[in-house]
Amino acid sequence: MAAKLFILAALFAVATCQYVAPVPAYKPAYAAPAYKVPEPVYPDAHPAYKFAYNVHDPSTYDVKSQEETRDGDYVSGVYTVAEADGTKRVVTYADNGHGFEAVVSKEGAAPAPYAPKYAAPAYPAPVAPAYPAPYHG
């Protein structure tokens, strides 16, 4: 009976025991320096440019052009594209600092579509075949 009480007391001691691991006492070798975000450097504080191009390729029928200018926040330009129906699409655009605005227009008129006139073929009237006279012999 004493052995049973000893085992029961040992189990109780193990069950109620809490092991706390020691906390390591160390410090970092150095203090990390505070990071400072660098200020952006803009070499051209007032952007300004002007460009233009023209394309006229007779082998692919690619005909277009564009012109654009920029002075600070003001951007404006125009581009043209030759459409497949023979007209020219002209887009004039600008951004005056209040948002992008575009005006699209067409120059020229599309030619009337070619549709050949239909003429019904003339067929001769059917002719009844000639049968020999019946035999009454």
Side-chain angles (χ1 to χ4, degrees):
M1 176 83 177
K4 288 183 184 178
L5 285 177
F6 178 74
I7 293 175
L8 186 61
L11 287 175
F12 180 75
V14 169
T16 58
C17 176
Q18 292 182 357
Y19 174 74
V20 179
V23 178
Y26 68 89
K27 292 185 180 179
Y30 66 94
Y35 180 74
K36 182 178 178 186
V37 177
E39 291 292 324
V41 177
Y42 299 107
D44 187 9
H46 185 78
Y49 62 82
K50 182 181 237 185
F51 77 90
Y53 70 86
N54 290 312
V55 175
H56 185 76
D57 187 2
S59 64
T60 62
Y61 303 105
D62 188 17
V63 179
K64 58 188 170 188
S65 67
Q66 182 177 5
E67 295 179 16
E68 183 173 298
T69 59
R70 179 177 181 178
D71 186 19
D73 289 337
Y74 178 75
V75 178
S76 65
V78 61
Y79 70 86
T80 63
V81 177
E83 298 283 357
D85 63 357
T87 61
K88 181 176 16 173
R89 180 178 6 152
V90 179
V91 179
T92 305
Y93 59 92
D95 183 2
N96 299 322
H98 304 293
F100 184 78
E101 299 172 9
V103 177
V104 181
S105 62
K106 279 200 167 205
E107 292 181 357
Y114 172 73
K117 293 190 176 189
Y118 177 74
Y123 294 107
V127 177
Y131 293 106
Y135 177 71
H136 295 284

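Remark: Val103 pairs with no residue by the side chain to side chain contact (heavy atoms under 4.5 Å, CB included) rule, at least two apart or across chains.
Nearest heavy atoms, Thr87 versus Ala109: CG2-C, 3.9 Å. Closest non-hydrogen pair, Arg70 versus Gly72, comes out as NE-O, 2.7 Å.
Residue Glu107 holds its CD atom at 11.5 Å from CD of Glu83, rounded to the nearest 0.5 Å. Residue Asn54 holds its CG atom at 7.5 Å from CD of Glu67, rounded to the nearest 0.5 Å.
Each of Tyr93, Tyr53, Tyr79 was compared with Glu68 under the side chain to side chain donor-acceptor pair (under 3.5 Å) criterion, and only Tyr93 meets it.
Asp95 contributes a side-chain N or O that, together with a main-chain N or O of Gly99, makes up a donor-acceptor pair within less than 3.5 Å.
In this structure, Asp73 places its CG atom where only 12 or fewer heavy-atom neighbours from other residues, nucleotides or ligands lie under 6.0 Å away.
Side chains of Asp71 and His46 form a contact here, defined as non-hydrogen atoms less than 4.5 Å apart.
In this structure, Val81 is not a member of the same hydrophobic cluster as Tyr61, with clusters built from ILVMFWY side-chain heavy atoms closer than 4.5 Å.
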